[in-house]
Amino acid sequence: MTIEPMTRILKADQSAAAAAARCLAAGGLVGFPTETVYGLGADACNGQAIARLYEAKGRPAFNPLICHVRDSAAAARLGVFDAAAARLAAALWPGPLTLVVPKRPDGGVAELATAGLATIALRIPDHPVAHAILAEFGKPVVAPSANRSGHVSSTTAGHVLADLGGRIDLIIDGGPTPVGVESTIVACLDRPLLLRPGGLPRAEIERALGHALAEACPHPKPPPRAGEGKEGAEDGAAPMAPGQLASHYAPRAALRLDALSVRAGEALLAFGPVLPPGAAGAARVLNLSPGGDLIEAAANLFSHLRALDAPGVSMIAVMPVPHQGLGEAINDRLRRGQAPRT
Ligand code: TXA
Ligand code: MG
């Protein structure tokens with residue numbers, strides 16, 4: 001399915017929620033209200049739909065996305081909740097709180113949704129329209145804020161249309177969002193850590209926890225006021241402390257980028273129909289997209305890297321990936337994967 005040139009807009013009601021669910025099931029992109037800001041939703045289990053989502057937003061890099069679920073049972077199928085996470089979820093969900101927890105490998109969420117990380121960001125939104133869509137769809141929905149990369153988050157359907165009209169399939173208009181700033185993000189991996197200030201005040205989180213929250217960086221920015229939160233390089237999240245969460249997925253094997261041939265012992269991450277000299281002798285070969293389609297390549301990037309990163313493989317040769325469209329984000333991730341481990 002390709003992105004339709006026309007973006008449909010429906011007033012929120014039960015039939016609109018059903019239309020949104022059908023659109024998501026078909027791999028489409030749906031703008032919908034949550035209590036914080038409008039989200040741009042895609043099926044969390046469909047890597048190609050998520051690749052199109054990054055393209056529609058014009059994100060130059062793959063940021064991990066928040067998975068929206070309808071209830072805590074659905075959340076528990078995707079992530080592992082320690083005592084602190086369980087306490088926060090019980091006290092504050094549904095609501096403007098996102099919890100980052102270890103990802104269950106069998107949860108079915110596409111690797112691209114979490115940018116290949118071993119953790120997953122989860123949230124149960126407190127908005128009747130978001131809830132109706134999640135209930136109709138019955139599966140997790142990834143949704144970054146529904147704005148072009150570098151623009152402010154959208155708090156009305158009109159903002160979504162202005163930013164993403166013609167690039168997404170459907171917008172469900174549920175009126176202005178009540179909170180107006182993005183969710184507060186707390187990681188529960190070790191001790192609970194504030195990653196992004198947002199719509200849920202820190203004091204409420206600390207009250208539910210029974211103690212103070214650690215911060216991912218010493219001086220997090222104050223939460224933006226409604227409509228002011230310009231989306232920066234990391235999309236508003238506080239920079240994550242080195243060694244805690246910053247390490248995006250990086251293969252254990254080294255990457256040799258823009259490889260024009262395959263050397264003895266190397267695995268090959270291919271792109272396009274024509275394999276380079278030496279490919280027949282490669283330890284393993286996986287192709288991001290034999291047809292040279294960048295959306296397919298993005299959807300396969302993290303799972304292919306993981307599959308090639310097997311014991312006995314110390315180097316992965318990566319064929320050149322064109323730099324246009326999603327190629328920019330693919331190359332960004334490959335370059336980071338190539339950086340020396342610390
Ligand atoms: O209120 C919100 O949170 C809105 C609504 C639509 O739910 N969504 C939103 O998504 O603001 P987005 O993509 O604009 O911001 C999500 C933030 C990003 O900064 C991303 O880096 C962070 O969440 N994030 C997602 N998964 C993560 C993970 N596993 N570890 C650390 N940070 C994560
Ligand atoms: Mg955002």
Side-chain angles (χ1 to χ4, degrees), residues 30-42 44 50 53-54 56-59 61-69 78-80 85 93-103 107 109 111-127 129-131 133-134 140-155 159-160 163-164 172 174 177-189 193-200 216-217 220-221 223-224 226 228-241 244-249 302:
V30 180
F32 67 96
T34 78
E35 79 279 34
T36 57
V37 297
Y38 272 74
L40 176 58
I50 298 166
L53 188 157
Y54 282 108
K57 279 201 58 135
R59 268 192 183 172
F62 300 128
N63 247 347
L65 301 174
I66 299 172
C67 281
H68 297 69
V69 292
L78 304 181
V80 181
W93 274 353
L97 171 69
T98 294
L99 294 175
V100 172
V101 298
K103 177 166 89 169
V109 169
E111 288 277 350
L112 191 58
T114 54
L117 293 174
T119 57
I120 186 166
L122 297 168
R123 161 163 135 74
I124 304 179
D126 186 15
H127 191 285
V129 176
H131 187 82
I133 293 170
L134 289 168
V141 172
V142 284
S145 48
N147 51 278
R148 290 293 291 271
S149 186
H151 292 191
V152 296
S153 296
S154 297
T155 55
H159 297 161
V160 183
D163 248 28
L164 297 167
I172 306 296
T177 58
V179 174
V181 296
E182 297 86 347
S183 61
T184 303
I185 306 181
V186 173
C188 293
L189 301 173
L193 200 61
L194 179 66
L195 298 185
R196 177 176 78 180
L200 187 69
C217 70
K221 290 181 295 184
E228 275 190 350
K230 203 173 174 85
E231 198 167 69
E234 282 306 314
D235 224 359
M240 291 179 262
Q244 275 166 323
L245 296 160
S247 49
H248 283 289
Y249 172 70
F302 293 108

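Start at 1 and go down the list; that is how both ligands and their atoms are numbered. We number each residue from 1, following the sequence as shown. Quantities reported herein were computed from a predicted structural model and do not represent experimental measurements.
Results of the side-chain contact (heavy atoms from CB on, under 4.5 Å) test with Asn147 over Asp163, Val37, Val152, Leu40 single out Asp163 as the only residue that passes.
Within the listing of ligand 1, atoms 6 (C), 8 (N), 10 (O) sit less than 4.0 angstrom from a heavy atom of Ala143.
The backbone N or O of Thr36 sits less than 3.5 Å from a side-chain atom of Thr177, completing a donor-acceptor pair. Judged by distance alone, with hydrogens and angles left aside, the side-chain atoms of Lys57 form a donor-acceptor pair with the main-chain N or O of Ser145 at under 3.5 Å. Side-chain atoms of Ser183 never come within 3.5 Å of backbone atoms of Pro96 as a donor-acceptor pair (strictly under, hydrogens ignored). A side-chain donor-acceptor contact under 3.5 Å links Tyr38 to the backbone of Gly174. Side-chain N or O atoms of Thr98 include none that pairs as donor or acceptor with a backbone N or O of Ala121 at under 3.5 Å.
Using 4.0 Å as the threshold, Thr114 has no heavy atom nearer than that to any atom of ligand 1. At least one heavy atom of Arg196 sits less than 4.0 Å from an atom of ligand 1.
Geometrically, ligand 1 and Thr119 share a nitrogen or oxygen pair separated by less than 3.5 Å. Among the atoms of Thr36, some N or O lies under 3.5 angstrom from an N or O of ligand 1. Checked against a 3.5 angstrom limit, the closest N/O atoms of Arg123 and ligand 1 fall inside it.
Ion pair Arg123/Glu182 not flagged as a salt bridge, since none of the NZ, NE, NH1 or NH2 atoms sits closer than 4.0 Å to an Asp/Glu carboxylate oxygen.
Residue Asn147 does not count as close to the Mg ion (ligand 2), with no N, O or S atom under 2.8 Å.
With distances taken over non-hydrogen atoms, the option nearest atom 17 (C) of ligand 1 out of Val179, Leu193, Ile185 is Ile185. Of the candidates Ser183, Ala146, Ser149, Ser183 brings a heavy atom nearest to atom 3 (O) of ligand 1.
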